Trainee: 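One structure coming up, written as structure tokens, with questions to follow.
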Amino acid sequence: MNVTPDTPPPIQIRDLHKYFGELEVLKGIDFDVEFGEVVCLIGPSGSGKSTLLRCVNKLEEPTAGTILIEGIDITDPETDVDAVRTRIGMVFQQFNLFPHLTVLRNLSIAQRKVLGRDTEEAHGIARQMLDRVGLTDKIDEHPSRLSGGQQQRVAIARALCMNPDMMLFDEPTSALDPELIGEVLDVMRELADDGMTMVVVTHEMGFAKQVADRVIFMDGGVIVEDGPPGQVLDNPIHERTQRFLRAIEIE
Amino acid sequence: MKRTTRQKLIRYSLYAVFVGVVGATALLADWGKISNSFFNPEIAAEMFPEVLTTAARNTIIYTLFAFIFGFVLALVLALMKLSTIKPYRYVAITYIEIFRGLPALVTISLVAFAIPIMFQGVRIPGGTLGQGAIGLGIVAAAYMAETIRAGIEAVPRGQMEAARSLGMSWGKAMTFIVLPQAFRIIIPPLTNELVLLIKDTSLFFVLGTTIESKELTKFGRDLMTAKFNGTPLTVVALVYLAITLPMTYLVSRLEKRTAAAR
């Protein structure tokens, strides 16, 4: 998309709170993402980073606060959230490909049913995106015939088919065997190089260090530290960040 | 006594009991009478082709209409039971509990006879087919609704989330992503339900039937009374089995395939 100085930023979150029953998992988050920025969210499990990501496309209903996607307030009940979601690609830890559909139909079904593209156009875009993740030869397979790494690359292609303005990744490599992580990270790195706006919840510190423009460390439902990877990962100011990074290094 | 000898003895005595019971039955039974009362070839021959062209045909048509009506209603009930709107849930739960608790014969009779009494002049159209299929469909819907609900809940939540994250509405996600997967899971139990319905169409006798609208059981029973012989029932039983056995075989095949696909 064409970004002018007047274009509102992709993600603006103000004072976001989220409760699961009595438990407050997000305790007042302020979080902005600029166009073309790659932001990595890190932190211990239960820190609220996945919940924050899932609030961005309203898979989780925020309890309080505002979330602006390209200037549109998705916490406003009048907003057509389905329309906003087509601009936000999402990649899940468990891939969540549709097992009853071939790869081609996985990639084309939402194009046809949501964007109203005809079959020919949808298939053309699907082929293009599949080529981008290097899996053209798997076009007629069912997902169960693919390795985890291939499934996740198809899932990325499926999200790209909607021509999103930004992509959310929820621990995209956590369910993968170690030898399959690299191929998924490579695809994500290329996306970042192409200028895609990305928010990535990850435990891959190497990826965060090389690819991220900003790293955010979350703990206990708040943002503890926010800055360029060189600062947050190599010279963290906060004691909690230091402790978390030490624990990960020992692993 | 050695352990193995003891086990052998137990085995042999179990065989001996089996042979004894079968032998005694064979010796004591009056085979002439049985063959004449249940396997009379002339009476059996007279039943054809009507037993197939009328009775079996009616049984199958009644079953299909009851199944289709029941299935559509069951789908609505299942979605109501999963709804976030409380009154819908309560209606679905109440419906399911009531019609699973009532004998099918009572429900069919209620539809056919009580509705015209309660609402003057209102009659379910379609005669035996209409009244029976709706009555039996109402019962079947209660059972199938639970099956469909379980099938929908067996589809991982991530499927709905992935579909919604692509911008699909709840309805589109349900139609194109969740339900097709749920139906794969529930085809075997739904086929079982179909077999039960085939047998339950025998209850349509309460509706009073003409020669044209008799289903298998009524057809066999009427002939049995007329001929004072059990052969018609034997023939009818064999026709039932010819319909139901292939279906139960199909179910076990499907179940194995589903199990293998996981």
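Labels below follow one simple rule: chain letters A, B, ... track the order of the sequence lines, proteins then strands, and each chain is numbered from 1. This structure is a prediction, so every number in the text was calculated from the model and none was measured. FYI, side chains are in, hydrogens and waters are out, and symmetry mates aren't considered; it's all heavy atoms of this structure.
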Trainee: Tell me, please, which residues at least two apart from Ala173(B) pass side chain to side chain contact (heavy atoms under 4.5 Å, CB included).
Mentor: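 So Ala173(B) forms a side chain to side chain contact (heavy atoms under 4.5 Å, CB included) with Met160(B), Ala163(B), Arg164(B), Met168(B).
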Trainee: Which residue is it: Ile11(A), Asp170(A), Val56(A)? I am looking for the one with a side chain to side chain contact (heavy atoms under 4.5 Å, CB included) to Val199(A).
Mentor: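 The single option meeting the side chain to side chain contact (heavy atoms under 4.5 Å, CB included) with Val199(A) is Ile11(A).
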Trainee: Using heavy atoms and a sub-4.5 Å threshold, report which of residues 87-112 of chain A line up against chain B, by residue number.
Mentor: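 So the qualifying residues are Ile88(A), Met90(A), Phe92(A), Asn96(A), Leu97(A), Phe98(A), Pro99(A), His100(A), Leu101(A), Ile109(A), Ala110(A).
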Trainee: How would you list, by chain and number, every residue that makes a salt bridge (Lys or Arg N to Asp or Glu O under 4.0 Å) with Arg100(B), sequence neighbours excluded?
Mentor: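 Checked Arg100(B) against salt bridge (Lys or Arg N to Asp or Glu O under 4.0 Å); matches are Glu97(B).
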Trainee: Among Thr66(A), Thr63(A), Leu16(A), exactly one meets side chain to side chain contact (heavy atoms under 4.5 Å, CB included) together with Thr75(A). Which residue is that?
Mentor: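 Single pass found, and it is Thr66(A).
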Trainee: Is any residue of residues 39-51 of chain A within less than 4.5 Å of chain B by heavy atoms, and which ones?
Mentor: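 Contacts with chain B: none.
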Trainee: Would you say the ring centroid of Phe67(B) lies under 6.0 angstrom from that of Tyr62(B)?
Mentor: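 No.
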Trainee: At their closest point, which heavy atom of Thr59(B) faces which heavy atom of Thr63(B), and how far apart are they?
Mentor: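 Distance-wise, the nearest heavy atoms are O-OG1, 2.6 Å.
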Trainee: Going by the side chain to side chain contact (heavy atoms under 4.5 Å, CB included) test, name the single residue among Asp73(A), Asp32(A), Ile29(A), Ile67(A) that passes it with Arg14(A).
Mentor: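 Single pass found, and it is Asp32(A).
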Trainee: Quick check: Phe99(B) with Tyr95(B) (ring centres under 6.0 Å apart)?
Mentor: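 For Tyr95(B) and Phe99(B), the ring centres are under 6.0 Å apart.
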Trainee: Cation-pi between Arg221(B) and Phe205(B): NZ/CZ under 6.0 Å from ring centre and within 45° of the ring axis?
Mentor: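 Positive - Arg221(B) is close enough to the ring of Phe205(B) and near enough to its axis.
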